[in-house]
Amino acid sequence: MADQELEELTGTETPRLTPLETLRHSTAHVMAGAVKRLFPEAKVTIGPAIEGGFYYDFDVARPFDDEDLALIEAEMKVIIDANHTFERAELSRDDARARFAAAGETYKVELLDAIAPDTVITTYRSGDFTDLCRGPHVGSTGEVKAFKLISVAGAYWRGDERNRMLQRIYGTAFFDRKALAEHLHRLEEAKRRDHRKLGQALDLFSINETIGGGLVLWHPKGARVRYLTEQYWREEHFANGYELVYSPHIARDDLWKTSGHLTFYRENMFAGMDVDGKEYLVKPMNCPFHVTIFKHGLRSYRELPLRMAELGTVYRYERSGVLHGLLRVRGFTQDDAHIFMRRDQLADELQRTLSFCLHILRTFGFTEFKLYLATRPEKFVGEISQWDEAEAALYEALRVSGIEYEVDAGGGAFYGPKIDLKLRDAIGREWQCSTIQVDFNLPERFDLTYVGDDGAKHRVVMLHRALLGSVERFFAVLVEHYAGAFPLWLAPLQARVITISEKQEEWAREVCAHLVALGLRVETDLSPDKLGAKIRRAQLEKIPYMLVVGDKEVAERTAAPRARDGKQTEARPLEELGRWLMEEARIPRGGVAREAAAGTTTA
RNA sequence: GCCACCGUAGCUCAGUGGUAGAGCAACGGUUUCGUAAACCGUAGGUCGUCAGUUCAAUCCUGACCGGUGGCUCCA
């Protein structure tokens with residue numbers, strides 16, 4: 001929301017700031033005042049409240065460093081202690097322009113010139129700092145009690161890379177120290193859960209320089225989680241009326257011409273390759289292949305809806321600076337599907353798709369969702385009546401789901417309206433994974449038709465959807481949601497049999513073999529280390545269960561489970577142990593069987 | 001791609017203008033132990049790459065490669 005303040009100033013929107021946003025925005029003013037005192041030559045630009053805090057962008061000769069941040073914080077405390085009131089003043093446009101121009105605040109002049117003609121121009125003064133600003137603010141600087149500057153980063157003026165790079169200082173503020181401490185704690189917690197760190201620590205995956213940025217190597221443990229995810233996904237798709245397909249990684253340029261990708265998506269596609277004098281390109285999307293499968297023969301209305309799904313690996317060129325762990329990569333696998341149907345089937349199909357989506361996500365332990373409907377943009381293909389119909393169907397699907405939603409009017413793609421779904425993770429962060437999009441474009445481009453009951457050909461309506469989004473991103477979200485402590489059904493290793501001394505080796509092997517034969521993922525730790533060391537190791541690997549075997553267990557033909565949350569339970573006879581673990585490891589389809597992120601906070 | 005910061009052993013990290021250390025892991029041995037770290041030893045690094053400055057560069061300078069935080073974009 002870099003334009004938030006800009007919008008306020010230009011009067012294009014009138015968002016009332018919440019009390020917390022007001023505080024944060026006021027803190028941004030205090031910070032700007034401190035910066036101007038310490039760096040008089042700095043030019044101020046904008047400083048809005050954002051989710052989690054605020055920022056202010058400055059044009060300075062030299063970038064800020066951490067020492068500067070400390071100095072600025074100290075100066076802010078001086079301003080806060082002085083308890084200056086925020087004084088609002090109205091002034092004429094010319095007066096304002098003259099003042100800011102005289103002060104050398106060229107960015108403010110630019111903002112001023114963008115303000116709608118009949119808007120009242122206001123400034124806010126706190127102590128020696130006056131800023132062009134619509135407000136509101138808190139009463140005085142003394143009301144800023146709990147704040148912290150977080151980081152510095154480069155940011156382009158008005159977010160446009162052709163403009164000058166400014167220095168952005170991020171900070172946060174709360175009404176009391178406790179809330180600030182909690183916020184900082186959450187940031188720490190997010191760091192602790194970072195999938196890149198856990199990916200390394202738990203040996204799940206890596207990204208290797210020699211292979212290339214944004215290209216993922218799945219190590220055995222990560223690959224196991226992925227396999228389990230995909231297997232579950234496949235089973236559910238078969239059980240819900242989908243057919244699975246496979247398509248190649250490259251295709252001739254003709255396909256991409258027809259689909260329009262070569263005109264609209266070329267920037268994100270890897271360079272083509274010459275094969276026998278024909279150009280081939282690596283696929284950035286799966287749709288053209290599925291469409292081609294659909295077109296393979298005449299389709300009857302009786303076959304529709306035809307649901308075609310694929311875990312399709314695509315490659316997209318992303319600028320090096322945006323690559324980020326598994327969340328933003330250059331090669332990834334979409335859990336893609338395309339649904340071909342009659343126009344009259346759209347409403348039902350949307351509801352069905354959304355509910356299927358929620359069912360899958362709940363299985364993985366997510367319980368809170370938010371939906372976003374993006375409607376017809378200015379530039380669009382197809383007829384308005386078609387759009388209206390589709391949007392009505394989308395609204396109905398949203399309503400039926402019973403989940404909170406927001407409408408992004410005009411935010412749809414040119415080819416159709418869509419629903420995006422964000423899920424909330426264990427520490428309250430939102431992640432966008434699922435998307436359900438209506439497409440009026442490809443059916444035209446590829447001339448997709450079916451034969452109706454009237455014997456005539458009719459245009460197909462098409463739906464794209466991805467539930468997990470990309471397997472890579474979803475895996476990263478899972479890692480962070482569970483802090484690496486996967487639920488039993490997804491854990492790469494479900495249990496480790498731990499001996500106390502080498503006397504129990506034989507029984508430990510037997511216990512392990514029995515459980516493995518049941519299909520459980522179990523191994524033994526027969527090393528000569530002490531029990532405590534073995535427990536510690538298993539604990540660090542976040543293995544759900546440790547099965548301790550000492551002389552007593554050998555004599556009784558049992559094993560003593562210790563859960564990774566530290567809970568120890570009675571030793572159980574081997575057969576019973578197996579039955580119990582099998583029951584625990586069942587896939588919680590639809591999330592009914594088990595609590596979402598139980599036990600993850602202690603891990 | 002742009003701005004800032006970072007790159008030392010498999011991992012986590014010290015360190016210095018005179019070519020390098022710790023802990024963990026690995027390997028060898030001793031110990032056979034009841035719920036988060038037993039002990040001893042061995043091995044392991046052209047200090048991201050390439051240039052430059054210097055008698056001498058892991059350290060200073062530059063370029064490049066890669067990573068991190070942002071900007072922009074997005075699954």
Side-chain angles (χ1 to χ4, degrees), chain A residues 2 55 57 60 62-66 68 150-170 191 194 196-197 200-201 203 206-214 265 267-268 284-286 312 314 316-336 420-421 431-435 437 464-474 476-477 498-505 526-541 546-553 560-564 566-569 571 603:
Chain A
Y55 68 79
D57 286 347
V60 278
R62 173 183 68 83
F64 295 121
D65 57 27
D66 287 349
D68 295 330
I150 306 287
S151 61
V152 196
Y156 300 103
W157 168 234
R158 291 184 156 171
D160 189 331
E161 67 185 34
R162 289 165 301 191
N163 289 337
R164 186 168 162 76
M165 169 96 38
L166 307 172
Q167 288 294 306
R168 173 171 299 179
I169 301 179
Y170 283 96
K191 234 183 235 176
D194 191 315
R196 294 165 300 179
K197 279 194 181 158
Q200 168 71 39
D203 197 16
S206 63
I207 292 171
N208 184 290
E209 182 180 338
T210 310
I211 286 164
Y265 209 71
E267 281 176 21
N268 281 293
M285 292 189 193
N286 304 300
V314 297
R316 298 182 186 174
Y317 170 73
E318 300 282 0
R319 302 164 101 190
S320 61
V322 306
L323 299 177
H324 181 92
L326 297 182
L327 292 174
R328 196 68 189 279
V329 292
R330 284 179 174 158
F332 59 99
T333 300
Q334 290 182 306
D335 70 312
D336 215 352
D420 285 332
L421 181 148
W431 303 87
Q432 206 224 296
C433 294
S434 322
T435 180
Q437 314 187 346
H464 304 255
R465 49 111 280 199
L467 310 184
L468 313 178
S470 92
V471 175
E472 284 74 7
R473 168 179 285 189
F474 191 73
V477 173
I498 294 178
T499 51
I500 289 176
S501 77
E502 63 189 17
K503 284 181 287 177
Q504 299 93 29
E505 210 177 296
L526 305 176
S527 65
D529 298 308
K530 287 168 70 170
L531 178 61
K534 297 190 193 187
I535 297 275
R536 179 181 150 81
R537 212 177 309 146
Q539 202 69 50
L540 290 174
E541 290 177 51
M546 289 149 253
L547 305 172
V548 178
V549 165
D551 286 343
K552 193 163 143 257
E553 285 75 16
R562 178 194 202 273
R564 67 185 153 198
K567 215 174 287 168
Q568 285 172 241
T569 47

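Numbers restart at 1 for each chain; the letters A, B, ... are given by sequence-line order, proteins then strands.
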Report task. Indicate, with a heavy-atom threshold strictly under 4.0 Å, whether Asp160(A) touches base, sugar-phosphate, or nothing. Result -> nothing

Requested in this report: For Glu472(A), report the nucleic acid contact type (base, sugar-phosphate, nothing); a contact means any heavy atom under 4.0 Å.
Outcome: nothing

Query raised in the report: At under 4.0 Å between heavy atoms, what does Lys503(A) touch on the DNA or RNA strands: base, sugar-phosphate, or nothing?
Result: sugar-phosphate

Requested in this report: Rounded to whole angstrom, note down the C1' distance from C59(B) over to A25(B).
Outcome: 28 Å

Query raised in the report: Taking only residues two or more places apart in sequence or in another chain, which ones pass salt bridge (Lys or Arg N to Asp or Glu O under 4.0 Å) with Arg196(A)?
Result: Asp194(A)

Requested in this report: Output all residues satisfying side chain to side chain donor-acceptor pair (under 3.5 Å) with Tyr317(A), sequence neighbours left out; order by chain, then residue number.
Outcome: none

Requested in this report: State which residues pass salt bridge (Lys or Arg N to Asp or Glu O under 4.0 Å) with Glu553(A); sequence neighbours excluded, sorted by chain then number.
Outcome: none

Report task. Go through RNA chain B and write down every stem, that is, every run of at least three consecutive Watson-Crick or G-U wobble pairs with distances under 3.5 Å, as range with range. Result -> B:1-7 with B:65-71, B:10-13 with B:21-24, B:26-30 with B:38-42, B:48-52 with B:60-64

List every contact pair, protein side and nucleotides 3-5 of chain B side both N or O, where the distance is under 3.5 Å.
unit_1, atom_1, unit_2, atom_2, d
C3(B), O2', Gln167(A), NE2, 3.2
C3(B), O2, Gly154(A), N, 3.4

Requested in this report: Apply side chain to side chain donor-acceptor pair (under 3.5 Å) to Arg330(A) and list each qualifying residue two or more places apart in sequence or on a separate chain.
Outcome: none

**Report entry** Reading 5' to 3' through nucleotides 25-31 of chain B, protein heavy-atom contacts under 4.0 Å coded B for base, S for sugar-phosphate only, - for none
**Finding:** ------B

**Report entry** Qualifying residues under ring pair (Phe, Tyr, Trp, His ring centres under 6.0 Å), relative to Tyr156(A), sequence neighbours excluded
**Finding:** none

**Report entry** Non-neighbouring partners of Gln200(A) that pass side chain to side chain contact (heavy atoms under 4.5 Å, CB included), sequence neighbours left out
**Finding:** none

Query raised in the report: Can you name the side chain to side chain contact (heavy atoms under 4.5 Å, CB included) partners of Arg328(A), sequence neighbours left out?
Result: Glu318(A), Val322(A), His324(A)

Report task. For Ala560(A), report the nucleic acid contact type (base, sugar-phosphate, nothing); a contact means any heavy atom under 4.0 Å. Result -> base

Requested in this report: Give one of base, sugar-phosphate or nothing for Val329(A), where a contact means two heavy atoms less than 4.0 Å apart.
Outcome: base

Requested in this report: Taking salt bridge (Lys or Arg N to Asp or Glu O under 4.0 Å) as the test, write out the residues that go with Arg536(A), two or more places apart.
Outcome: none

Report task. Would you please name every residue forming a salt bridge (Lys or Arg N to Asp or Glu O under 4.0 Å) with Glu541(A), sequence neighbours left out? Result -> Lys221(A), Arg496(A)

